[in-house]
Amino acid sequence: MPDQSAQFFDEHHRRFFEWLQKALVSQIQGKRSKLNTVSTVVGVDVAYSNDISVAAAVSWDVDERRVVEVSRVRSMALFPYSAGFLFLREAPVMVAAVRGIVERFDVVLVDGHGIAHPREAGLAVFVGAALGMPSLGVAKSLLVGDLGVVDRGMQEITLDGSLVGYGVKPKDSRRYFASPGFGLDVEDVAYLLGVLGGRYPEALRQAHIEARRGLKEVG
DNA sequence: GCGACAG
DNA sequence: ATCTTGTCGC
């Protein structure tokens, strides 16, 4: 079997998609709206079964600590996974799933990096921009950047000398890396991490479960 | 040229 | 991401 990714990522395609990422980044410059009080967050994740993808968005009430709404979308996985270009594979279906959430919410938590990305154009940046909603990237492993010293279970992620996010290692839950997506800055990330209790976001844990459940319920 | 590489 | 159950431990 030949590498399917070659079909999508030869030199010409890769260069064009990189241009697209840079275009978005320059396009949203200055569109950093101030993050208001966060009472409801929406976590979004995608699960796969061959070329079928199911995205699940879970609305989570931070104070009451409960799921308030679930939205799921099934679709064809048209792009293969390629590090640095995850948005091609997951952004379309993630955006559709979040649009299925009816009740209001304050921020979208995306399973993937925000600006902790080679071109500061991670999946969370695309999803937030497309929705016109503040977004936070939450990844389980580092893609780029340098980690600073561990301080109270947290460490800064630096890229070209600038702070782009935080690595977090809660005592109970799994390690993760958070960076701004759209509509919020690094200072807001620190605030958000506090609101979310420092642990791996329950909204994302639920989204992961719901996405996998979606694969099974339909086939 | 050699490794690294979100999900 | 996905293939996969129960089991050891706090």
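To find a chain, count down the sequence lines: A is the first, B the second, and so on, and within it residues start at 1.
Rounded to an integer number of Å, the gap from CZ of R89(A) to C1' of dT2(C) is 10 Å. As a whole-Å value, the separation of N50(A) CG from dC3(C) C1' is 11 Å.
Residue G84(A) is in base contact, counting any heavy-atom pair closer than 4.0 Å across all strands shown. Using a 4.0 Å heavy-atom cutoff across all strands shown, A116(A) reaches no nucleic acid atom at all.
R174(A) places none of its side-chain heavy atoms less than 4.5 Å from the side chain of K169(A). The shortest side-chain heavy-atom distance between V107(A) and V42(A) does not fall under the 4.5 Å cut-off. Side-chain atoms of S141(A) and Y176(A), non-hydrogen and from C-beta on, never get closer than 4.5 Å to each other.
Judged as a side-chain contact (heavy atoms from CB on, under 4.5 Å), and not counting sequence neighbours, the contacts of R213(A) are R72(A), I209(A), E210(A), E217(A). For K22(A), the side-chain contact (heavy atoms from CB on, under 4.5 Å) partners at least two apart in sequence or on another chain are R119(A). A search for ring-ring contact (aromatic ring centres under 6.0 Å, His included) contacts involving Y166(A) returns nothing, not counting sequence neighbours. Checked against ring-ring contact (aromatic ring centres under 6.0 Å, His included), F126(A) has the following partners two or more places apart in sequence or in another chain: F87(A). Residues that satisfy the side-chain contact (heavy atoms from CB on, under 4.5 Å) test with D188(A), not counting sequence neighbours, are L35(A), L184(A), D185(A).
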Expected output check: what is the dot-bracket annotation of DNA chain C, where ( ) and [ ] are pairs inside the strand (brackets for crossing ones), | is paired with another strand, and pairs are Watson-Crick or G-U under 3.5 Å? ..........
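DNA chain B contains no stems of three or more consecutive Watson-Crick or G-U pairs with both distances under 3.5 Å.
Between the side chains of D106(A) and S39(A), at least one donor N or O lies within less than 3.5 Å of an accepting N or O.
Residues from residues 165-174 of chain A with heavy atoms under 4.0 angstrom of DNA chain B: there are none. Taking every heavy atom of residues 138-154 of chain A and every atom of DNA chain C, pairs under 4.0 Å involve K140(A), by number.
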Quick one, give me the B/S/- string for nucleotides 5-10 of chain C, reading 5' to 3', where B means a protein heavy atom under 4.0 Å from the base and S means that only happens at the primed atoms, P, OP1 or OP2. ------
Full working for salt bridge (charged side-chain N to carboxylate O under 4.0 Å, His left out) between E18(A) and R14(A): CA-CA 6 Å; E18(A) 286 182 354; R14(A) 190 177 52 69; 2.9 Å; yes
Before you tell me yes or no, could you show the steps for D45(A) and R205(A) under salt bridge (charged side-chain N to carboxylate O under 4.0 Å, His left out), namely the whole-Å CA-CA distance, both residues' side-chain angles and the distance that decides it to 0.1 Å? CA-CA 9 Å; D45(A) 190 20; R205(A) 222 175 61 77; over 6 Å; no
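Pairs passing the ring pair (Phe, Tyr, Trp, His ring centres under 6.0 Å) check and including a residue from residues 91-114 of chain A, sequence neighbours excluded, do not occur.
To the nearest 0.5 angstrom, D61(A) atom CG is 5.5 Å from R66(A) atom CZ. Taken to the nearest 0.5 Å, the CD atom of Q155(A) stands 11.0 Å off from the CG atom of D146(A).
Taking 4.0 Å as the cutoff to heavy atoms of chain A, we find the contact window on DNA chain B bounded by dC5(B) to dG7(B).
Summarising the local packing, CG of D172(A) is surrounded by more than 12 heavy atoms from other residues, nucleotides or ligands at distances under 6.0 Å.
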